[in-house]
Asker: 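Here it is: the structure, laid out below.
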Amino acid sequence: MNFSFLSPIFLIGLIAVSLPVIAHLISRKSGFQKRFPAVRFLLASQGEMATRSRLKDLILLLLRALIIVIIALLFAKPAIFSFSRADSSEPRTLAVVIDNSFSMGYGDNFNNAKEEAVRLIDSAPDGSFFTALPLVPERGEAISVIQDRASAKKDLKQIPLSQTFTDNERRLEQVYSALEKAPNQDKEVVLVTDFQKNGWKSEEFTRTWLRLIDISDAESPWNRAVTDVESRYTKESIKVKVKASNFSASEASELLTEAKLSGEEIKAYIDIAPGDFTTEEFIFPRAQKNEGPEASGSASIPEDELRIDDTRRFVLSRSGALNVLIVDGDPREDSRLSESYYLASAAETASELLRSRIRIKDNESFLDEDLSAYDLIFLTNVGEITPGKAAELEEYIERGGTTVIFSGDRVRAASYNALLKNILPGELGAPTQKDSTLISVKTDMFSEELFEKIGQTTVNRSFTLIPAQGAETVLKLSDETPFLSYFGYGEGNVFLFTSTADTSWGNFAITPVFAPVIKEFLDFESLSNTKRRNYVVGDKVRIDRSPSASSITVKDPSGENLKIEPEQAVFEDTELTGIYKVLIDGDRAYEFSVNLDPLESNLEKLDVLSIESEPGSELGLVKVFKELWRYFLWGVIALFISESVARALFS
Amino acid sequence: MSNGILDIDTASRLKGFYFRTRSSVRGQKSGIHKSLYRGISPDFMEYKEYNKGDELKQVDWRLYGRHDRLYVKKYEDEVNLSWCILLDKSASMDYGDEGSNKLSFSKKLSATLAYLLLRQGDSVGLSCYSGLDSEIIPPRSGNSSIMPIVDKLENITPEGETALRKPLLEALEIYKSSATFVLVSDFLMEPQELRESLQLLRASKKDVTLFHVLHPDETEFGFEGSVEFLDMESDAKVIVDTASIRHTYIKRVREFIDELKNMCHEFECRYVFTRSDASVEEPLIEIADK
């Protein structure tokens with residue numbers, strides 16, 4: 001016979017025991033003060049009373065503390081349990097839930113679970129009803145009970161191993177709720193599981209209607225997995241960082257790790273300490289000329305008992321050439337006087353290296369422009385921004401776009417603050433006259449050579465800026481006000497210059513610093529223009545598409561074509577691991593990968609529910625609980641009465 | 001004359017009352033008290049054989065002619081009395097709100113008593129004392145003598161502890177002849193000190209009357225909840241649950257009152273207990289004769 005709590009979370013209420021103790025101490029130490037002539041009699045009386053009073057206080061304190069303890073225990077649902085085989089001869093409604101989270105793929109666990117479930121169905125008394133369900137539900141699942149054992153067993157055998165996991169407690173509650181209207185008064189949910197920790201919120205989830213059966217055949221299952229892959233472009237190479245984890249008690253030494261990318265393969269031997277991970281970086285040289293807009297690959301380690309997490313796939317995507325939009329809010333007849341002149345000159349110089357397409361638009365044209373076609377947008381002295389355009393710009397940045405804003409005399413701070421408040425690195429104030437030079441703050445963005453030249457820049461006028469939370473100052477002026485600020489919004493980036501991109505407010509545009517700074521933006525966007533292409537099972541994938549796209553189809557790793565609404569452009573059926581292909585208007589657009597959530601790779605079992613050390617832990621034996629809360633309730637009532645009586649007697 | 005200190009209404013109501021000493025006194029003027037001095041009163045009491053020191057004018061020469069021996073006449077005379085009112089002005093007396101303040105009540109009692117005593121021809125002095133100091137007004141007779149007494153009473157500042165011995169010795173220096181000492185106090189002091197003081201007074205052949213003044217809070221302890229009490233005359237303080245201590249406290253106070261009563265009985269002193277929220281009339285009537 002063992003003692004347990006069905007809702008141990010309520011044991012936290014035991015902390016409340018301190019309340020009567022604190023109240024007792026406070027009552028001894030405070031009270032209102034009164035000047036009194038006859039304190040001598042009080043002192044004399046207290047001496048006499050002290051022992052008696054202390055005893056009474058202690059009795060009351062004890063009773064009150066006990067009341068709180070018993071109430072906390074009452075809510076925690078105390079129960080005694082024993083192991084016994086379910087051999088009730090009464091017909092029942094039985095929901096057999098097979099843990100199909102991917103950790104069950106370890107060894108023969110999943111097959112064992114199904115066999116055990118079949119035995120449960122076979123051994124149920126005549127007249128019983130059944131339903132066989134996976135722990136990780138399938139989309140559109142309908143729970144129904146049947147009396148036909150053969151059909152139930154057939155359903156059971158069709159349950160697939162999932163590539164994800166679920167909130168186990170919620171799922172079990174859902175299954176039990178579904179049995180509410182089922183026949184037979186005796187209803188039971190049996191979970192056949194490996195007791196792997198992931199998926200359980202609490203260490204001890206127990207219900208009287210629930211039986212848990214442990215089918216794991218290993219005392220201490222061990223597993224190694226590729227738990228993460230990060231890939232990025234550099235100027236000369238593609239770096240693939242592979243994280244391999246060792247979820248076992250023994251060291252993994254000289255573990256062969258492979259990274260594959262576009263037909264090339266690199267191998268390395270790594271060592272991983274028990275319960276630890278190792279990150280190995282694989283560097284693939286770039287073939288600049290023949291390089292496509294995206295590359296896909298995989299990282300793997302040798303197969304073990306749980307094969308599904310030994311390989312991880314990835315997709316690396318970049319646009320072939322940067323599409324740059326320069327919006328000139330103050331175009332001049334002599335183009336050399338325009339902000340866009342300096343900006344375009346600098347960008348064109350840089351584009352020789354970075355392959356970019358530059359378009360210049362005036363303020364009015366900008367309002368009609370489709371921003372999603374661009375990778376980088378410069379707004380220079382743009383005075384007019386409509387609410388609709390502001391919302392589009394916000395969405396553009398949220399989806400991963402980069403915007404660089406230059407100020408100027410046409411910029412109205414109030415309008416910017418109102419319309420672009422979510423994306424601006426701060427709140428713009430009024431422009432002020434000054435005579436300041438430039439100081440670099442975020443030096444890692446610039447080369448040492450450029451950093452030395454920054455001091456040549458003088459600024460005569462700039463907007464004040466109150467930085468927003470999370471914003472960074474990249475360049476500042478010698479009067480300590482921000483000159484260039486950065487703010488990350490959604491998946492995109494916003495840079496704000498508080499001065500102009502021409503010579504009207506300073507000499508920034510004609511210093512040797514200007515062109516390299518603009519190139520940094522192009523560089524930044526080019527290198528970071530690796531769109532998000534890697535997801536885990538269950539993620540929602542936002543599909544990159546142009547607004548004119550009329551049909552979007554996603555081909556999953558099993559080869560099934562799944563259509564999604566072009567307006568929403570969100571793909572949710574990421575239940576399988578592998579490479580998904582996106583087709584927009586029938587044309588192949590790009591790929592993305594879906595991998596396992598590494599949480600499930602850790603096969604560590606639940607401490608409390610693990611029954612390996614309990615007597616009767618043979619396969620199929622279950623915990624039978626007897627709840628004791630009624631006794632505790634009577635105890636609380638008795639204590640309340642005792643406390644009232646004691647208080648009346650002592651007062 | 002302040003109505004606040006002197007209760008004129010009470011004094012008027014007690015017009016027919018006289019305050020007498022319990023034993024005979026040595027007086028100089030004609031009064032209502034029995035005199036120990038024989039010889040000048042018309043009420044002859046007895047003859048006494050002449051002794052050295054007897055005044056020659058009191059010798060009955062006619063008797064000498066008949067018996068050839070010197071006798072002096074002894075008369076019973078009524079003489080006036082000196083009263084010494086000793087008022088406790090210690091800090092503990094300054095307890096209670098207006099209307100029940102112990103010191104205010106005691107001042108009123110003292111002033112009214114002094115007024116009545118002066119009106120019946122006695123001389124009255126006042127000593128306001130505490131552990132820090134004592135201020136004495138020597139005994140004076142005549143109705144106008146009430147003024148300095150009232151002035152003194154009005155200007156009392158409550159302070160210090162209740163300490164009787166020193167002011168008592170100072171008063172005894174002044175009241176060498178017969179006098180009645182009236183002690184007005186809460187007597188929140190060491191009982192032994194009070195015992196010694198009463199012993200001293202009685203040894204000096206002084207009549208003693210004790211007005212024991214306590215506030216209703218001190219006798220009934222009508223507080224509620226948990227209260228931290230700070231002593232008014234010392235640094236002592238105590239936190240008590242008033243409900244649980246009330247019974248024991250009241251018992252203690254009663255024992256204290258009984259102890260005072262027994263002490264007074266032992267030393268043949270008059271003991272009058274009064275609450276500070278009562279009228280001064282009641283305690284005065286207790287010591288008055290119709």
Asker: Tell me, do A:L42 and B:F221 make a side-chain contact under 4.5 Å, heavy atoms counted?
Answerer: yes
Asker: Taking the side chain as C-beta and beyond, is there a heavy-atom pair between A:F41 and B:I250 under 4.5 Å?
Answerer: no
Asker: Relative to the ring of B:F229, is the ring of A:F36 parallel (under 30°), tilted (30 to 60°) or perpendicular (over 60°)?
Answerer: tilted
Asker: Can you tell whether the side chains of A:R35 and B:E233 come within less than 4.0 Å, N to carboxylate O?
Answerer: no
Asker: Please report the closest heavy-atom contact between B:Y249 and A:S45, naming both atoms and the distance.
Answerer: CA-OG, 3.3 Å
Asker: Rounded to the nearest 0.5 Å, how far apart are CG of B:D217 and NZ of A:K34?
Answerer: 6.0 Å
Asker: Under a 4.5 Å cutoff for heavy-atom pairs, which residue among B:D186, B:L188, B:L230 has the most contacts with chain A?
Answerer: B:L230
Asker: Is A:V39 close to B:V238 at the side-chain level, that is, under 4.5 Å between some pair of heavy atoms?
Answerer: yes
Asker: Please indicate whether B:L132 has more than 12 foreign heavy atoms, meaning atoms of other residues, nucleotides or ligands, lying under 6.0 Å from its CG.
Answerer: yes
Asker: Please check if atom NZ in A:K187 has more than 12 non-hydrogen atoms from other residues, nucleotides or ligands closer than 6.0 Å.
Answerer: yes
Asker: Is the CZ atom of B:F273 crowded by more than 12 outside heavy atoms at less than 6.0 Å?
Answerer: yes
Asker: Return the option, out of B:M93, B:E255, B:E218, B:H247, with the maximum number of heavy-atom pairs under 4.5 Å with chain A.
Answerer: B:E218
Asker: Could you grab the distance from atom CZ of B:R252 to atom CZ of A:R40, nearest 0.5 Å is fine?
Answerer: 12.0 Å
Asker: Between atom OG of B:S244 and atom CG of A:D57, what is the distance when rounded to the nearest 0.5 Å?
Answerer: 7.5 Å
Asker: In this structure, are over 12 heavy atoms from other groups packed under 6.0 Å from B:F267 atom CZ?
Answerer: yes
Asker: Go through the atoms of B:E190 and report whether side chain, backbone, both or neither lie under 4.5 Å from a heavy atom of chain A.
Answerer: both
Asker: Could you check whether atom CD1 of A:I12 has more than 12 heavy atoms from other residues, nucleotides or ligands sitting under 6.0 Å from it?
Answerer: no
